[in-house]
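Report on one structure; see the data block that follows.
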Protein chains: 2
Amino acid sequence: MGTYQRPDGWEILGDPSRRAIVECLAERPRAVGELAETLPISRPAVSQHLKVLKDAGLVDDEAAGTRRVYRLNPAGVSALRDQLDMFWKRTLQGFEEIVEDEGKS
Amino acid sequence: MGTYQRPDGWEILGDPSRRAIVECLAERPRAVGELAETLPISRPAVSQHLKVLKDAGLVDDEAAGTRRVYRLNPAGVSALRDQLDMFWKRTLQGFEEIVEDEGKS
DNA sequence: ACGAACGGTAAGCTACGACTTACCAATAGG
DNA sequence: CCTATTGGTAAGTCGTAGCTTACCGTTCGT
């Protein structure tokens, strides 16, 4: 049971708004206001989500005049990808043994 | 933004207890009480999580005397796997274009 | 220098999810 | 049968995550 404790990636992508933001930024970098227009939530809410994503290393931000452009961080994304994959590896590993055993019967 | 609405797999695996249960069941089928002993939560809590997992088609249960044995459902697991992969496909797809563009500069 | 655009932060509200205790049904065993 | 074991369900508590409004700082344009 390695899973349990530690703020992992599931908490981050567990929120629909956050997933939407990530998908949105995957398409192209965007300013906060742009994101807020697209999503059904207020701009401050977007800001808060971006903070979470930034702390997790998933996005980078860059000042551009009065605007602030956010983009996906390749390293962060693949790191989180790997982290989630680890769960499946561990799970499916022991799991396939069971399936095989059932096939023998 | 296809993601948004619909109770998807992230909600299910978003909970640490639920992930622990899944990992536990991946190892081998177990009764409710067994799971409760392993986890730091009460038996009713485990029951409730199992209900969620069962509704999602992730686990099957089978009566065995007074006990009830739960096991992972192969079909459900891979279905959920695929569902989560779809997010990454969509995300990384548009995303790699960006990375490539940056490489050109 | 003044106003507008843009965005981060604080404060507060609300809803919901996870957990607990208490209770009840069903099975097995003596 | 009567009791113990096992587990699902109901009811209620509690914490927290996500949202909103309000406010403030910063940058750009004129």
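Chain A is the first sequence line, chain B the second, and so forth, proteins listed ahead of strands; every chain is numbered from 1.
Ranking dT20(D), dC19(C), dG18(D) by closeness to the S42(A) side chain, first place goes to dT20(D). For H49(A), the listed nucleotide lying nearest its side chain is dC19(D); candidates were dG7(D), dT9(C), dC19(D). Distance from the side chain of Y70(B) is smallest to dG8(D) among dT9(C), dA18(C), dG8(D). For S47(A), taking side-chain heavy atoms from C-beta onward, the closest of the listed nucleotides dT9(C), dC19(C), dT21(C) is dT9(C). Taking every side-chain heavy atom of Q48(B) into account, dT20(C) is the closest of dA18(C), dT20(C), dG7(D).
Summarising the geometry, the separation between CZ on R30(A) and P on dC6(C) is reported as 15 Å, rounded to the nearest angstrom. Rounded to whole Å, the distance from CZ on R19(B) to P on dG17(C) is 16 Å. For the pair I41(A) CD1 and dA15(C) C1', the interatomic distance rounds to 16 Å; values are reported in whole Å. One atom, CG of L53(A), and another, P of dA17(D), lie 15 Å apart when rounded to the nearest Å. Counting to the nearest Å, the P atom of dG17(C) and the CG atom of L13(B) are 16 Å from each other. In this structure, CG of D15(B) is placed 11 Å from C1' of dC19(C), rounded to the nearest angstrom. The distance from atom CD of E11(A) to atom P of dG15(D) is 19 Å, rounded to the nearest whole Å. Put simply, CD1 on I21(B) is 13 Å from C1' on dC19(C), counting in whole angstrom units.
Ranked by how close their nearest DNA chain D nucleotide is to the 5' end, R43(A) and V32(B) are led by V32(B).
Looking at R68(B) and D61(B), a side-chain N of the basic residue comes within less than 4.0 Å of a carboxylate O on the acidic one, giving a salt bridge. Of the charged side-chain nitrogens involved, at least one lies within less than 4.0 Å of a carboxylate oxygen, so that R28(B) and E34(B) count as a salt-bridged pair. With respect to the salt-bridge test (charged N to carboxylate O, under 4.0 angstrom), the residues R19(B) and E11(A) qualify. By the 4.0 Å N-to-carboxylate-O rule, K89(A) lies too far from D82(A) to be salt-bridged with it.
The closest donor-acceptor contact from the side chain of R43(A) to the backbone of A36(A) lies at 3.5 Å or more, if one exists at all. Looking at R18(A), its side chain never comes within 3.5 Å of a backbone N or O of L13(A) through a donor-acceptor pair. Remark: the backbone N or O of R30(B) is not paired with any side-chain donor or acceptor of R67(B) at under 3.5 angstrom.
No hydrogens or angles were tested; on distance alone, nothing pairs the side chain of E34(B) with the base of dT6(D) as donor and acceptor under 3.5 Å.
Across residues 56-69 of chain A, G65(A), T66(A) each have a non-hydrogen atom less than 4.0 Å from an atom of DNA chain D (numbered order).
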